[in-house]
Amino acid sequence: SGNARVYDTAWVIDNARVFGNAKVYDNAWLSGDVEVYSNAKIYGNAAVYDNAKVFDNAEIKYYAKVYGNACVFDNAKVYDNAKVYDNAKVYEDTEVYDNACVREDAKVYGDAEVYGNACVYGDAEVYDDARVNGDARVNGDAEAWS
């Protein structure tokens with residue numbers, strides 16, 4: 001519905017749904033009970049599967065993966081082999097990229113960046129312009145902010 005577009009060599013299978021003004025293209029792959037909507041874009045060999053949700057102006061691109069019950073929304077971007085999964089949430093102008101991961105019940109928001117080989121997990125929160133990079137691990141009930 002809406003102006004949703006699935007084109008080029010994109011795959012949308014199983015119960016995956018694309019609606020609103022969302023766009024899925026350039027070898028992107030959606031499967032499971034995924035929902036992609038609002039102005040979200042999935043492209044560049046990215047994969048979104050299981051029960052994940054991507055919405056608002058979020059972008060998943062360049063071999064990134066979002067899966068499990070993860071949510072990526074607002075203006076967040078996940079790209080360059082990064083992974084967001086389990087019950088993780090990435091939102092509010094945040095970027096997760098390189099080989100970084102956000103998993104379990106972690107939240108990354110507020111213009112934060114997670115990149116390199118960094119991983120945020122457990123109940124950790126990263127926010128307010130914080131940068132987590134290199135081989136850093138932020139876990140448990142940790143909080144990181146600038």
Side-chain angles (χ1 to χ4, degrees), residues 2 4 6 10-146:
V6 176
W11 287 82
V12 177
I13 58 175
D14 298 328
N15 295 314
R17 297 193 316 145
V18 179
F19 53 100
N21 291 313
K23 293 184 173 35
V24 179
Y25 57 100
D26 190 22
N27 295 313
W29 181 68
L30 307 183
S31 69
D33 291 315
V34 164
E35 290 185 5
V36 176
Y37 55 98
S38 298
N39 294 306
K41 292 179 185 170
I42 317 292
Y43 60 98
N45 295 290
V48 180
Y49 51 100
D50 294 335
N51 297 303
K53 290 184 174 47
V54 179
F55 55 99
D56 293 336
N57 294 305
E59 289 185 29
I60 314 301
K61 56 189 177 181
Y62 312 139
Y63 298 95
K65 291 182 173 62
V66 177
Y67 54 101
N69 294 308
C71 289
V72 179
F73 56 102
D74 287 342
N75 295 305
K77 292 179 175 58
V78 179
Y79 56 99
D80 291 348
N81 295 307
K83 294 178 183 168
V84 177
Y85 57 103
D86 295 330
N87 296 306
K89 290 185 173 47
V90 174
Y91 55 103
E92 288 179 356
D93 298 301
T94 293
E95 293 189 20
V96 178
Y97 57 99
D98 290 339
N99 294 305
C101 74
V102 180
R103 60 185 170 90
E104 295 173 0
D105 294 310
K107 293 179 184 171
V108 180
Y109 58 97
D111 208 23
E113 288 185 28
V114 179
Y115 56 100
N117 293 309
C119 194
V120 179
Y121 57 102
D123 291 319
E125 293 189 27
V126 174
Y127 54 94
D128 286 351
D129 296 308
R131 302 292 179 259
V132 178
N133 60 26
D135 292 318
R137 298 288 178 264
V138 180
N139 64 10
D141 293 320
E143 290 187 35
W145 66 94
S146 65

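Both backbone and side-chain heavy atoms feed into the values below; hydrogens, waters and symmetry mates do not.
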Taking all non-hydrogen atoms of both residues, which atom of Ala82 and which atom of Val96 are closest, and how far apart? CB-O, 3.6 Å
Minimum side-chain heavy-atom gap Lys83-Arg103 below 4.5 Å: no
Scan Val132, Val108, Thr94 and name whichever one has a side-chain contact (heavy atoms from CB on, under 4.5 Å) with Val102. Val108
The reported gap from OH in Tyr91 to NZ in Lys89 (rounded to nearest 0.5 angstrom) is 8.0 Å
Taking NZ, NE, NH1 and NH2 as the nitrogens, is one of them in Arg131 or Glu113 under 4.0 Å from a carboxylate oxygen of the other? yes
Under a plain distance cut-off of 3.5 Å, with no hydrogens placed, do Asn81 and Tyr63 share a side-chain donor-acceptor pair? no
Residues Arg137, Tyr121; criterion side chain to side chain contact (heavy atoms under 4.5 Å, CB included); working and verdict: CA-CA 8 Å; Arg137 298 288 178 264; Tyr121 57 102; 3.8 Å; yes
Check whether Asp14 reaches the backbone of Gly32 with its side chain - one donor and one acceptor, N or O, closer than 3.5 Å. yes
Would you compute the distance between atom CG of Asp105 and atom CG of Asp123 and round it to the nearest 0.5 angstrom? 5.0 Å
Does Val72 reach the side chain of Ile60, with side-chain heavy atoms less than 4.5 Å apart? yes
Tell me if the NZ atom of Lys23 is crowded by more than 12 foreign heavy atoms within 6.0 Å. yes
Which heavy atom in Asp56 sits nearest to a heavy atom in Ser38, and how many Å separate them? N-CB, 3.2 Å
Heavy-atom side-chain contact between Val24 and Leu30 under 4.5 Å: yes
Below 4.5 Å, heavy atoms only, C-beta onward: do Tyr127 and Glu143 meet side chain to side chain? yes
Counting only heavy atoms not in Lys41, do more than 12 fall under 6.0 Å of its NZ? no
How close do Ile42 and Ala28 get, counting heavy atoms only, and between which atoms? O-CB, 3.5 Å
Please report the shortest heavy-atom distance between Cys101 and Val114, naming the atom on each side. O-CG1, 4.4 Å
Kindly compute the distance separating CG (Asn45) from CG (Asn27), expressed to the nearest 0.5 Å. 4.5 Å
Test applied, ring-ring contact (aromatic ring centres under 6.0 Å, His included); reference residue, Trp29; option that passes from Tyr43, Trp11, Tyr49: Tyr49
Asn117 side chain to Asp135 backbone, donor-acceptor under 3.5 Å: no
Using the side chain to side chain contact (heavy atoms under 4.5 Å, CB included) criterion, which residues pair with Glu92? Sequence neighbours excluded. Asp74, Tyr109
Tell me whether the rings of Tyr79 and Tyr62 are parallel (<30°), tilted (30 to 60°) or perpendicular (>60°). perpendicular
